[in-house]
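See structure below.
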Amino acid sequence: MKYFVAAPLLLAAVASQAADLRVEFVVPAMKVAEYHRPYVAVWIENDQRQAVNTLAVWHEQGKKDKWLKVLSQWWRRVGRDLDGPIDGVSGATRLPGTYQLQWQGVDQQGQALPAGQYTLSLEVVREVGDRELQRVSFDWPPAEAHTEQLQGKTELGQVTLQLTP
């Protein structure tokens with residue numbers, strides 16, 4: 001499985017679709033003796049639990065790519081089958097804050113996915129910290145506007161999923 005999608009091409013390919021999924025999540029600030037920015041993976045799975053698209057992977061690139069395996073759930077479903085860098089969806093680790101991602105019902109190659117049930121997964125892992133995985137299922141395309149909120153426990157704060165038909 002190859003993941004060489006340039007973000008601008010992906011955005012152009014999906015611009016004509018109306019339905020939209022937005023996810024907003026908080027990476028909380030922590031008062032700890034040793035803080036390392038977390039590795040984060042956000043991806044979409046179909047009802048067979050197969051990854052259909054990775055929205056983001058934040059990690060240290062280069063020699064430290066070997067640490068992608070610490071995102072164990074994402075790694076099992078996507079990462080271990082990668083042939084090279086995951087351009088277009090990867091980026092550097094980030095400081096605590098609120099982040100937003102958007103998805104418009106396409107797979108990693110920009111092809112529209114069939115209607116069905118999907119799951120949004122967020123995995124956060126921090127060195128000298130904890131691991132947290134949040135998952136939320138949704139129907140695609142959404143028949144009506146829907147908002148769902150989850151509360152993380154340690155490495156994630158509030159997670160908000162918004163679906164717009």
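For clarity, every value in this text was computed on a predicted model and none was experimentally measured. Keep in mind that the numbers below use all heavy atoms, side chains included, and drop hydrogens, waters and symmetry copies.
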| task | Any chance you could lay out the side-chain hydrogen bond (donor to acceptor under 3.5 Å, both in side chains) test for Asp107 and Gln111, step after step, and finish with the verdict? | result | CA-CA 5 Å; Asp107 63 16; Gln111 300 298 311; 5.7 Å; no
| Could you give the distance from NE2 (His59) to CG (Leu71), rounded to the nearest 0.5 Å? | 9.0 Å
| request: Please name the pair of heavy atoms, one in Pro165 and one in Ala145, separated by the smallest distance, quoted to 0.1 Å. | output: CD-N, 3.5 Å
| remark: Heavy-atom nearest pair, Pro28 first then Gly157, reads CD-N, 3.7 Å
| field | Residue pair Leu55 / Leu120, side-chain heavy-atom distance below 4.5 Å | value | yes
| Do Gln73 and Glu123 have side-chain atoms, one donor and one acceptor, less than 3.5 Å apart? | no
| query | Yes or no on side-chain hydrogen bond (donor to acceptor under 3.5 Å, both in side chains) for Gln134 and Glu132, after CA distance, side-chain angles and deciding distance? | reply | CA-CA 7 Å; Gln134 292 285 333; Glu132 187 160 354; 3.2 Å; yes
| Approximate separation, where rounding is to 0.5 Å, of Tyr118 OH and Gln48 CD | 10.5 Å
| task | State which residues pass salt bridge (charged side-chain N to carboxylate O under 4.0 Å, His left out) with Arg76; sequence neighbours excluded, sorted by chain then number. | result | none
| query | How far apart are the C-alpha atoms of Trp58 and Ser90, what are their side-chain angles, what is the distance that settles it, and do they pass the side-chain hydrogen bond (donor to acceptor under 3.5 Å, both in side chains) test? | reply | CA-CA 5 Å; Trp58 299 344; Ser90 65; over 6 Å; no
| Shortest non-hydrogen contact from Ala56 to Leu101? | CB-CD1, 3.8 Å
| query | Can you check side chain to side chain contact (heavy atoms under 4.5 Å, CB included) on Leu113 and Asn46, steps first, answer last? | reply | CA-CA 9 Å; Leu113 292 170; Asn46 63 19; over 6 Å; no
| message | Are the side chains of Val27 and Glu155 in contact, using a 4.5 Å heavy-atom criterion? | response | no
| Do Trp103 and Trp43 have ring centroids that are under 6.0 Å from one another? | no
| Check: Glu60 side chain, Ala92 main-chain N or O, donor-acceptor pair, under 3.5 Å | no
Check residues 29-36 and write down every donor-acceptor pair under 3.5 Å in which the side-chain atom is one partner and the other belongs to a residue at least two apart or another chain.
from  : atom 1 : to    : atom 2 : distance (Å)
Glu34 : OE2    : His36 : NE2    : 2.7

| query | Do side-chain atoms of Arg131 reach the backbone of Val70 as a donor and acceptor pair under 3.5 angstrom? | reply | yes
| message | Hydrogens and angles aside, do Thr54 and Trp74 bring a side-chain donor and acceptor to less than 3.5 Å of each other? | response | yes
| query | If we only count heavy atoms from C-beta on, is the Leu122 to Val159 side-chain gap below 4.5 Å? | reply | yes
| query | Is any side-chain heavy atom of Gln149 less than 4.5 Å from a side-chain heavy atom of Gln158? | reply | yes
| field | Heavy-atom check, side chain of Leu163 versus side chain of Trp140, under 4.5 Å | value | yes
| query | Are Val26 and Leu156 connected, step by step, through hydrophobic side chains (Ile, Leu, Val, Met, Phe, Trp, Tyr) whose heavy atoms are closer than 4.5 Å? | reply | no
| query | So Gln100 and Val23, side chain to side chain contact (heavy atoms under 4.5 Å, CB included) or not? Walk me through it. | reply | CA-CA 6 Å; Gln100 295 180 348; Val23 60; over 6 Å; no
| task | With the side chain counted from C-beta on, respond yes when Val52 and Gln108 share a heavy-atom pair under 4.5 Å apart, and no when they do not. | result | no
| How long is the gap from OG1 on Thr154 to CG on Asp130, to the nearest 0.5 Å? | 4.0 Å
| note | One should read off an interatomic distance between Gln102 CD and Gln162 CD, to the nearest 0.5 angstrom, of 10.5 Å
| message | For Glu144, I'd like to know if atom CD has over 12 heavy atoms of other residues, nucleotides or ligands within 6.0 Å. | response | no
| request: Apply side chain to side chain contact (heavy atoms under 4.5 Å, CB included) to Arg77 and Arg49, showing your working. | output: CA-CA 8 Å; Arg77 287 173 176 75; Arg49 295 202 67 182; 2.8 Å; yes
| Minimal non-hydrogen separation, Leu21 against Phe138, with atom names | CD1-CZ, 3.5 Å
| Is there side-chain contact between Glu148 and His146, with at least one heavy-atom pair below 4.5 Å? | yes
| field | Pair Glu45-Thr119, side-chain hydrogen bond (donor to acceptor under 3.5 Å, both in side chains): steps then yes or no | value | CA-CA 5 Å; Glu45 295 177 358; Thr119 301; 5.3 Å; no
| request: Would you confirm whether Asn53, through its side chain, and Val106, through its main-chain N or O, come within 3.5 Å as a donor-acceptor pair? | output: yes
| Taking the side chain as C-beta and beyond, is there a heavy-atom pair between Val57 and Leu68 under 4.5 Å? | yes
| request: Look at the rings of Tyr99 and Phe25 and say which category their plane angle falls in: under 30° parallel, 30 to 60° tilted, over 60° perpendicular. | output: tilted
